[in-house]
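Encoded as structure tokens, the structure appears first; notes follow it.
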Amino acid sequence: MSTRIAFLKGHGTENDFVIVPDPDNVIELSPAAVTALCDRRAGIGGDGVLHVVRSAAHPDARAMAGEAEWFMDYRNSDGSVAEMCGNGVRVFARYLQRAGHVAEGDLAIATRGGVKSVHIAKDGDVTVGMGSARLPEGDVTVRVGDRSWPARNVNMGNPHAVAFVSDLGHAGDLYSAPPVSPEGAYPDGVNVEFVVDRGPRHVAMRVHERGSGETRSCGTGACAVAVAAARRDGADPAVTGTPVTYTVDLPGGRLVITERPDGQIEMTGPAVIVAEGEIDAEWLENALR
């Protein structure tokens, strides 16, 4: 390994990431290394790491190489591997554009949640085709302290429990994962969203992301919230035959989510690169001791 490792820092509605370009997949990003990089005091700081690898060079993505040249090997800040990160895909696309790998317009990005269609607009916003949601059967309940709410189980390639509440303050500090029952509903953990109404087709949310705690934004969570809201509001596009769009306000900004009658969901929002530099390999090695 070279003595210095290139990195960038970016965010999508303040969901922030350390970006590690590694086209040939030669950098070993252990869980401990990811945790060190994401440490906000002793490291660079971020909600996760975007490991940028050519699909053909990564065993988890080789089967997708014919559809998408680049693979988003995403890690949560605790070092765990995640299937997908909607804000991460937008920032990943912005990095590819900045690096000259892609231009404005359409591209495909491989993720552990499948190949995602992306559009980089001239105005700077990035739209991601998030696929369709699955709505697993069964009642789910979210609890914070003495309060509890029924929640909608929504899977966007990763699991979500969406609870509609009267006040976002009822979510508590979200430092630790809110208890969800039944106990076996989410064997691998779950992202929990708390949602309030702001107006017609307009909601606000807070989220606890598994492996990261409360984050300023969660793209898949915003999609899950829009899907749950549409069912609650009787606006399921598969039933009405009409696309439905929700504006979703998050602590870090605003996302616009559209679900179409065929079930496909699109998410549009900003993606910003804020810095680039080099990680000192000696620091990283010492951080892992």
Side-chain angles (χ1 to χ4, degrees), residues 1-29 33-34 36-38 43-77 81-130 217 219 252-253 267-281 283-284:
M1 184 182 294
S2 64
T3 57
R4 294 185 180 274
I5 303 164
F7 83 95
L8 298 90
K9 181 73 182 287
H11 76 92
T13 50
E14 297 183 11
N15 196 187
D16 62 333
F17 309 96
V18 180
I19 305 161
V20 180
D22 182 22
D24 298 321
N25 196 29
V26 297
I27 299 172
E28 181 181 354
L29 282 179
V34 170
L37 290 172
C38 291
I44 297 168
D47 293 320
V49 168
L50 302 177
H51 186 206
V52 183
V53 185
R54 282 197 167 86
S55 298
H58 199 290
D60 290 353
R62 286 191 187 113
M64 296 179 276
E67 299 177 73
E69 180 181 1
W70 295 96
F71 172 54
M72 186 182 77
D73 175 20
Y74 180 66
R75 317 293 181 88
N76 293 313
S77 61
V81 172
E83 299 94 335
M84 240 295 283
C85 175
N87 287 319
V89 173
R90 296 202 321 279
V91 175
F92 191 96
R94 176 70 72 228
Y95 162 74
L96 293 178
Q97 181 188 32
R98 179 188 179 102
H101 297 306
V102 303
E104 289 176 358
D106 298 327
L107 67 145
I109 294 173
T111 76
R112 289 186 176 85
V115 175
K116 303 302 177 184
S117 298
V118 178
H119 180 80
I120 303 173
K122 290 183 178 180
D123 66 4
D125 277 354
V126 180
T127 298
V128 180
M130 299 291 286
S217 182
M267 174 185 65
T268 299
V272 181
I273 302 295
V274 298
E276 60 180 313
E278 294 179 324
I279 303 163
D280 187 274
W283 167 84
L284 187 57

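Just so it is clear, the structure is predicted and the values come from calculations on it, not from any experiment.
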Check [X] against [Y] and note the closest heavy-atom contact, atom names and distance.
| X | Y | result |
| --- | --- | --- |
| Ala68 | Ser55 | O-OG, 2.8 Å |
| Gly114 | Met64 | C-SD, 4.0 Å |
| Pro21 | Ile27 | O-CD1, 4.2 Å |
| Pro59 | Ala57 | CD-O, 4.1 Å |
| Val91 | Gly12 | CG2-N, 3.5 Å |

Test item: [X] and [Y] side chains (from C-beta on) under 4.5 Å apart, heavy atoms:
| X | Y | answer |
| --- | --- | --- |
| Val126 | Thr268 | no |
| Val49 | Val20 | yes |
| Val52 | Met72 | no |

Tell me if a side-chain donor or acceptor on [X] pairs with a main-chain N or O of [Y] at a distance below 3.5 Å.
| X | Y | answer |
| --- | --- | --- |
| Arg75 | Leu29 | yes |
| Lys9 | Gly45 | yes |
| Asp16 | Gly10 | no |

Does [X] have any side-chain hydrogen bond (donor to acceptor under 3.5 Å, both in side chains) partners at least two apart in sequence or in another chain, and if so, which?
| X | answer |
| --- | --- |
| Arg62 | none |
| Ser117 | none |
| Ser217 | Thr13, Asn87 |

So how far is it from [X] [atom1] to [Y] [atom2], rounded to the nearest 0.5 Å?
| X | Y | atom1 | atom2 | result |
| --- | --- | --- | --- | --- |
| Leu107 | Glu69 | CG | CD | 10.0 Å |
| Leu50 | Leu8 | CG | CG | 10.0 Å |
| Ile5 | Leu284 | CD1 | CG | 5.5 Å |
| Asp22 | Ile19 | CG | CD1 | 13.5 Å |

Task: With sequence neighbours excluded, residues passing salt bridge (charged side-chain N to carboxylate O under 4.0 Å, His left out) with Asp47 - done: Arg40
Open item on the list: Going by the rule salt bridge (charged side-chain N to carboxylate O under 4.0 Å, His left out), which residues pair with Glu83 if we only count those two or more places apart in sequence or in a different chain?
Closed with: Arg210
Open item on the list: Once side-chain contact (heavy atoms from CB on, under 4.5 Å) is applied, do any residues pair with Asp123, and if so which ones, sequence neighbours excluded?
Closed with: Ala121, Asp125
Task: Residues which pass side-chain contact (heavy atoms from CB on, under 4.5 Å) with Glu14, listed by chain and number, not counting sequence neighbours - done: His11, Arg216
Open item on the list: Applying ring pair (Phe, Tyr, Trp, His ring centres under 6.0 Å), can you list everything that pairs with Phe7, at least two apart in sequence or on another chain?
Closed with: none
Task: Pairing residues for Phe17 by the ring pair (Phe, Tyr, Trp, His ring centres under 6.0 Å) criterion, not counting sequence neighbours - done: Tyr74
Task: Within residues 50-71 or reaching into it, pairs that qualify as ring-ring contact (aromatic ring centres under 6.0 Å, His included) - sequence neighbours excluded - done: His58-Phe71, Trp70-His101
Task: Selection residues 87-101 - residue pairs positive for salt bridge (charged side-chain N to carboxylate O under 4.0 Å, His left out), sequence neighbours left out - done: Arg98-Glu276
Task: Pairs touching residues 101-115 that satisfy salt bridge (charged side-chain N to carboxylate O under 4.0 Å, His left out), sequence neighbours left out - done: Asp60-Arg112, Asp73-Arg112
